[in-house]
Amino acid sequence: GSFSVGPKDFEIVKNWIVNISSSFEIGTTFTKVGVIQYSDEPLLEIPLDKYRSNEDLMKAMEAILYRGGNTRTGKAITFGVNNVFATSTRAANAVTKVAIVLTDGKSQDDVKHSAEEARR
């Protein structure tokens, strides 16, 4: 949630994410969702293995507050690889891992190297 997004647009995007995620079947053997909010520093808002029901996940997503700051997308991608996927109980399994990065525009740090490392 960088400053250029602003609180109003942050809420619009957050509601969009809640709506999309509500269609997933959340559970230990189904879909798992984690959320990182990033600006100057990434913040793990929702760990990947935390919620086991759609209802609990939606409540947690709706409670995320706008933080503001700069846009450091590369730092957020590296954080996600090291602190979300690597710590998942499914990390060692051959489970497809997908990261969706929502950004407001050009990052203020290097994204290319972080993205290449994340693909490995």
Side-chain angles (χ1 to χ4, degrees):
S2 67
F3 287 133
S4 58
V5 172
K8 182 180 175 187
D9 287 337
F10 180 83
E11 289 300 317
I12 290 169
V13 172
K14 184 173 75 173
N15 289 333
W16 178 76
I17 293 169
V18 168
N19 287 336
I20 288 175
S21 299
S22 67
S23 65
F24 300 146
E25 190 169 352
I26 304 299
T28 55
T29 58
F30 299 106
T31 304
K32 294 184 178 196
V33 174
V35 176
I36 299 168
Q37 180 178 178
Y38 70 96
S39 53
D40 290 300
E41 296 295 327
L43 174 65
L44 182 57
E45 297 276 8
I46 300 175
L48 196 58
D49 296 321
K50 185 167 185 176
Y51 294 103
R52 302 185 190 282
S53 75
N54 288 61
E55 183 180 337
D56 291 341
L57 176 62
M58 298 310 111
K59 285 180 185 175
M61 287 179 155
E62 290 167 353
I64 294 172
L65 301 175
Y66 171 71
R67 294 174 52 219
N70 293 302
T71 305
R72 306 239 190 264
T73 308
K75 192 176 211 179
I77 292 170
T78 299
F79 180 87
V81 169
N82 295 335
N83 297 285
V84 177
F85 289 129
T87 62
S88 169
T89 57
R90 295 188 194 173
N93 300 337
V95 175
T96 301
K97 297 166 186 74
V98 177
I100 299 171
V101 179
L102 301 178
T103 182
D104 63 339
K106 186 168 175 41
S107 181
Q108 294 164 320
D109 67 350
D110 177 54
V111 177
K112 186 177 179 182
H113 177 73
S114 297
E116 287 170 353
E117 288 296 316
R119 287 186 194 103
R120 294 181 185 173

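All values below were derived from every heavy atom in this structure, side-chain atoms included, with hydrogens, water molecules and symmetry-related copies excluded. Everything quoted here is computed from the prediction, not taken from an experiment.
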ask   = Can you get from Leu43 to Ile46 by hopping between Ile, Leu, Val, Met, Phe, Trp and Tyr side chains that sit under 4.5 Å apart?
value = no

task = Ignoring hydrogens and angles, tell me if any N or O in the side chain of Ser23 forms a donor-acceptor pair with the backbone of Ile20 under 3.5 Å.
result = yes

request  = Working to the nearest 0.5 Å, report the span between CE of Met61 and CG of Asn15.
outcome  = 11.0 Å

ask   = To the nearest 0.5 Å, how far apart are CG in Leu65 and CD in Glu11?
value = 8.0 Å

key: Thr73 backbone acceptor or donor facing Asp109 side chain under 3.5 Å   = yes

message = According to a hydrophobic-cluster definition based on side-chain heavy atoms being under 4.5 Å apart (Ile, Leu, Val, Met, Phe, Trp, Tyr only), do Ile12 and Ile100 belong together?
response = no

message = Under the criterion side-chain contact (heavy atoms from CB on, under 4.5 Å), I'd like the reasoning laid out for Thr103 against Tyr38: C-alpha separation, chi angles, the key distance, then a yes or no.
response = CA-CA 9 Å; Thr103 182; Tyr38 70 96; 3.2 Å; yes

message = Strictly distance-based, threshold 3.5 Å: is any side-chain N or O of Gln108 a donor or acceptor partner for the main-chain N or O of Arg72?
response = no

message = Which residues pass the side chain to side chain donor-acceptor pair (under 3.5 Å) test with Ser21, not counting sequence neighbours?
response = none

remark   = Contacts satisfying ring pair (Phe, Tyr, Trp, His ring centres under 6.0 Å) that involve residues 97-120 (not counting sequence neighbours) are none

note = Heavy atoms of Ile36 and Leu44 approach each other most closely as CG1-CD1, 4.0 Å

query = How would you list, by chain and number, every residue that makes a side chain to side chain donor-acceptor pair (under 3.5 Å) with Asp40, sequence neighbours excluded?
reply = Asn70

query = For the side chain of Gln37 and the backbone of Arg67, is there at least one donor-acceptor N/O pair under 3.5 Å apart?
reply = yes

